[in-house]
Amino acid sequence: MRCQAKYEREARAQGFTRIAGVDEVGRGALFGPVFAAAVILSPDNPIRGLRDSKQLDRERREVLAGRIRERAVAWAVAAADAFEIDHINIYQASRLAMRRAVERLNPPPDYLLIDAITVDLPIAQRALIHGDALSQCIAAASILAKVERDACMCHWDKVFPQYGLKNHKGYTTDEHWKALEKHGPTTLHRFSFWPVRDHSPDTVWTGYPRQAELFPPDEPPAEWAEEKEAFQQAAACNP
């Protein structure tokens with residue numbers, strides 16, 4: 001897949017002038033908020049090297065994030081916290097974070113290109129599967145969201161140093177798993193995700209949304225690949 005401005009050009013051909021790319025980061029993490037960003041790129045001030053943030057190393061993401069902030073017509077970052085994730089489910093929380101990011105844009109967009117889903121706003125929009133790998137403005141949004149969320153995790157690492165958040169950014173790794181086993185979850189972990197709930201020393205409410213059902217069956221979070229069977233069993237048992 002090639003990351004290009006094809007979809008932005010198509011929107012401009014329809015008469016739209018402020019096309020925002022929107023993407024989220026942190027959907028599969030066990031800790032902290034899900035972040036989203038919205039970016040309106042300038043067709044007159046292009047940025048070379050834009051692509052899905054997952055395909056870039058940290059240093060390159062940070063360089064590109066700086067260029068995006070400098071050259072974009074508008075950009076914004078927003079989030080939905082762990083409390084919101086636990087109560088409205090990760091899918092809806094991702095959409096909420098995206099909506100918040102779009103609402104912060106100034107000037108406001110008149111068209112949205114969004115990675116895979118839509119948001120509840122009265123704005124013309126198009127959902128693109130693998131949009132962060134296809135559209136430059138969505139890729140720009142994914143980069144900003146990733147850089148901002150990683151910075152947030154490094155901040156929380158200073159508050160909860162025993163969990164290694166600066167290393168795994170809240171995702172499921174051996175380091176994070178062992179920390180949960182030893183220390184139990186913090187108040188910022190997502191208790192609607194079964195690995196967190198199962199490692200809590202206290203009895204917690206089990207009426208959370210079934211988060212396992214919110215990931216496409218052919219695209220489970222990579223961090224849970226080895227735990228897929230247990231993940232599905234736990235979700236099936238969750239009232």
Work out which heavy atom in [X] is nearest to a heavy atom in [Y]; give both atom names and the distance.
X: Trp177; Y: Pro195; result: CZ3-CB, 3.7 Å
X: Arg190; Y: Arg27; result: NH1-O, 3.2 Å
X: Ala76; Y: Leu105; result: N-CD2, 3.7 Å
X: Ala65; Y: Ile143; result: N-CG2, 4.0 Å

Let's go through Ser192 and Asn89 carefully: what are the C-alpha distance in whole Å and the side-chain angles of both, what is the deciding distance for side-chain hydrogen bond (donor to acceptor under 3.5 Å, both in side chains) to 0.1 Å, and is it a yes or a no?
CA-CA 8 Å; Ser192 53; Asn89 76 47; over 6 Å; no
Interatomic spacing from [atom1] in [X] to [atom2] in [Y] - rounded to 0.5 Å:
X: Thr118; Y: Ile123; atom1: OG1; atom2: CD1; answer: 12.0 Å
X: Leu64; Y: Leu50; atom1: CG; atom2: CG; answer: 6.0 Å
X: Asp52; Y: Ser135; atom1: CG; atom2: OG; answer: 11.5 Å
X: Thr17; Y: Ile19; atom1: OG1; atom2: CD1; answer: 7.0 Å
X: Leu165; Y: Phe160; atom1: CG; atom2: CZ; answer: 8.0 Å
X: Asp115; Y: Leu128; atom1: CG; atom2: CG; answer: 8.0 Å

Just by modelled atom types, is the [Y] backbone N or O under 3.5 Å from a matching donor or acceptor in the [X] side chain?
X: Arg149; Y: Glu24; answer: no
X: Ser142; Y: Ser53; answer: yes
X: Arg69; Y: Trp75; answer: no
X: Arg71; Y: Pro46; answer: yes
X: Glu148; Y: Phe35; answer: no
X: Glu175; Y: Thr173; answer: no

If you take the centroid of each ring, where Trp contributes its six-membered ring, are His176 and His189 closer together than 6.0 Å?
yes
Measure the shortest side-chain to side-chain distance between [X] and [Y] over non-hydrogen atoms and say whether it is less than 4.5 angstrom.
X: Phe31; Y: His168; result: no
X: Leu188; Y: Val159; result: no
X: Tyr91; Y: Ile117; result: yes

Pairs touching residues 10-21 that satisfy salt bridge (charged side-chain N to carboxylate O under 4.0 Å, His left out), sequence neighbours left out
Glu10-Arg126
Once ring pair (Phe, Tyr, Trp, His ring centres under 6.0 Å) is applied, do any residues pair with His183, and if so which ones, sequence neighbours excluded?
Tyr163
Between Tyr111 and Phe16, how do the two ring planes meet: parallel, tilted or perpendicular, split at 30° and 60°?
tilted
Taking only residues at least two apart or on different chains, which pairs with a member in residues 94-103 satisfy side-chain hydrogen bond (donor to acceptor under 3.5 Å, both in side chains)?
Glu84-Arg100, Gln92-Arg95, Arg95-Asp120
Between Lys146 and Asp150, is there a side-chain N and carboxylate O pair less than 4.0 Å apart?
yes
Verify side-chain contact (heavy atoms from CB on, under 4.5 Å) between Cys152 and Lys169, making sure each step is shown before the conclusion.
CA-CA 9 Å; Cys152 177; Lys169 307 303 187 293; over 6 Å; no
